[in-house]
Amino acid sequence: MAGASTVDSAGATGARTVDGADATRVGGAAGARARTVDGTGAARVGAADGVAAAQARTVGDAGVPVDAQRPAGAGRVVPFVADVGDPGAVARVVADVERELGPIGIGVSVAGVLRPGSVVETSDEDWAATFAVNATGVFAVLREISRRMQPRGSGVLVTVGSNAAGVPRAGMAAYAASKAAATMLTRCLGLELAGAGIRCNIVSPGSTDTEMQRLLWTDDSGEARVVAGNPEQFRVGIPLGRIADPADIADAVLFLASDRARHITMQNLYVDGGATLRA
């Protein structure tokens, strides 16, 4: 691995917004080639904690140090700032990353915000803000990176979606719809780029121990209720009996980004402990 770059982003915050951070950062580091990760650079798009931070640590453990929050031992770290909801800003930051750190060979989109509420309660602003990060932001990042990967004839793109994209959730219509859009966007992109040897896949987590998840809990029994399910909302529990650790999601992303998944593209890997019963 000649170099690695990290793109950190989070959407705009608000009183009814649940997200991992209120700032957008892009960081990078140089490192040795990883045995299981193929490419000339790795880009990660996501908030500064939760799944995004775990992804940085996991990729770093594989030999690609990318964690801008943990510079010790990770080589050179270069911060960048952008708003994934602004396609122009995304284009500029991707250009900056490649100019300063080298070609991006792996792109992982982890950006996400959640503004819970029923459809009738969801405001135009809530809907637009959710799609700006969860759908338009993913589109802008994947488009910009793939424009650079395609002429090179290689690369891997992974989008972290949500199991909510495949199963109806009460009070999560905007979130679920935006994640469904990002999922199909990634699969369509995978079809378009397959001829160039570029693979595109999705990892769809269920409930995961992140700040976003914990902000939905009203007391110390929140995790237990998630595991048990909620029949009144027609939501099953988690058959494996626990919520995911962010590292569980990061490991799935790393697999799809690695040479071990070289013949896998346009697939959606659910990592939810069986919560959706793979509906």
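- Taking every heavy atom of both residues into account, Ala257 and Val156 meet most closely at CA-CG1, 3.7 Å.
- Under 4.0 Å is where a charged nitrogen must lie from a carboxylate oxygen, and between Arg99 and Asp96 at least one such pair does.
- Hydrophobic clustering keeps Ile202 apart from Leu157 (ILVMFWY residues linked when any side-chain heavy atoms are closer than 4.5 Å, directly or through intermediates).
- The closest donor-acceptor contact from the side chain of Glu144 to the backbone of Val141 lies at 3.5 Å or more, if one exists at all.
- Two residues are said to be in side-chain contact when any heavy atoms from C-beta on lie closer than 4.5 Å; Ile198 and Ser146 fail this criterion.
- Between Asp219 and Arg225 there is a salt bridge, since at least one side-chain N of the basic residue sits less than 4.0 Å from a carboxylate O of the acidic one.
- Nearest approach of Val90 to Ala140, heavy atoms of both residues: CG1-O, 3.6 Å.
- For the pair Asn201/Thr186, no side-chain contact is recorded, criterion being any heavy-atom separation below 4.5 Å from C-beta on.
- Taking each heavy atom of Gly161 and Pro205 in turn, the nearest pair found is O-CD, 3.3 Å.
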Requested in this report: Check the pair Val253 / Phe255 against side chain to side chain contact (heavy atoms under 4.5 Å, CB included), numbers first and verdict last.
Outcome: CA-CA 5 Å; Val253 171; Phe255 165 69; over 6 Å; no
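- Side chains of Thr159 and Thr183 form no contact here, defined as non-hydrogen atoms less than 4.5 Å apart.
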Query raised in the report: Checking side chain to side chain contact (heavy atoms under 4.5 Å, CB included) for the pair Leu189/Met184: CA distance, chi angles, key distance, verdict?
Result: CA-CA 8 Å; Leu189 181 62; Met184 189 52 70; over 6 Å; no
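- A distance-only check finds a donor-acceptor pair linking the side chain of Asp248 to the backbone of Asp245 [under 3.5 Å].
- The pair Arg115-Glu125 counts as a salt bridge, with a side-chain nitrogen and a carboxylate oxygen less than 4.0 angstrom apart.
- With hydrogens and angles disregarded, a donor-acceptor distance shorter than 3.5 Å links the side chain of Thr208 to the backbone of Gly206.
- Judged by distance alone, the side chain of Arg235 and the main-chain N or O of Ala275 form no donor-acceptor pair under 3.5 Å.
- Looking at Arg199, its side chain does come within 3.5 Å of a backbone N or O of Leu256 through a donor-acceptor pair.
- Using a 4.5 Å cut-off between side-chain heavy atoms of Ile, Leu, Val, Met, Phe, Trp and Tyr, Met266 falls into a hydrophobic cluster with Leu191.
- If you take OG on Ser154 and CD1 on Ile106, they are separated by 10.0 Å, rounding to the nearest 0.5 Å.
- Taken to the nearest 0.5 Å, the CD atom of Gln150 stands 14.0 Å off from the CD1 atom of Ile145.
- Note on Glu98 versus Arg147: no salt bridge recorded, every NZ/NE/NH1/NH2 to OD/OE distance being 4.0 Å or above.
- Inter-residue side-chain proximity for Arg152 and Pro103 is flagged as met; some heavy-atom pair is nearer than 4.5 Å.
- Interatomic distance, Ser109 OG to Phe139 CZ, rounded to the nearest 0.5 Å: 12.5 Å.
- Counting heavy atoms from C-beta outward, Pro87 and Arg143 have side chains that approach closer than 4.5 Å.
- Annotation for Thr265 and Cys200: closest pair OG1-N, 3.0 Å, computed over non-hydrogen atoms.
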Query - Verdict with supporting geometry, Arg148 and Ile104, side chain to side chain contact (heavy atoms under 4.5 Å, CB included) - result: CA-CA 8 Å; Arg148 295 169 179 273; Ile104 296 170; 6.0 Å; no
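- The hydrophobic cluster containing Ile249 also contains Ile264, counting ILVMFWY residues as joined when their side-chain heavy atoms lie under 4.5 angstrom apart, directly or transitively.
- Residues in residues 114-133 take part in these ring pair (Phe, Tyr, Trp, His ring centres under 6.0 Å) pairs, two or more places apart or across chains: Trp127-Phe131.
- The structure places CD of Glu223 at 6.0 Å from CG of Asp209, a figure rounded to the nearest 0.5 Å.
- Taken from CG in Leu185 to NZ in Lys179, the straight-line distance is 12.0 Å, to the nearest 0.5 Å.
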Between side-chain atoms of residues 163-176 and protein atoms elsewhere (two or more places apart, or another chain), which donor-acceptor pairs fall under 3.5 Å?
residue : atom : partner : partner atom : Å
Asn163  : ND2  : Asp272  : OD2          : 3.2

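- Of all heavy-atom pairs spanning Asn134 and Ala111, the tightest one is OD1-O, 4.2 Å.
- For the pair Ile243 and Ser207, the tightest heavy-atom approach, listed with the atom from each and the gap, is CB-O, 3.5 Å.
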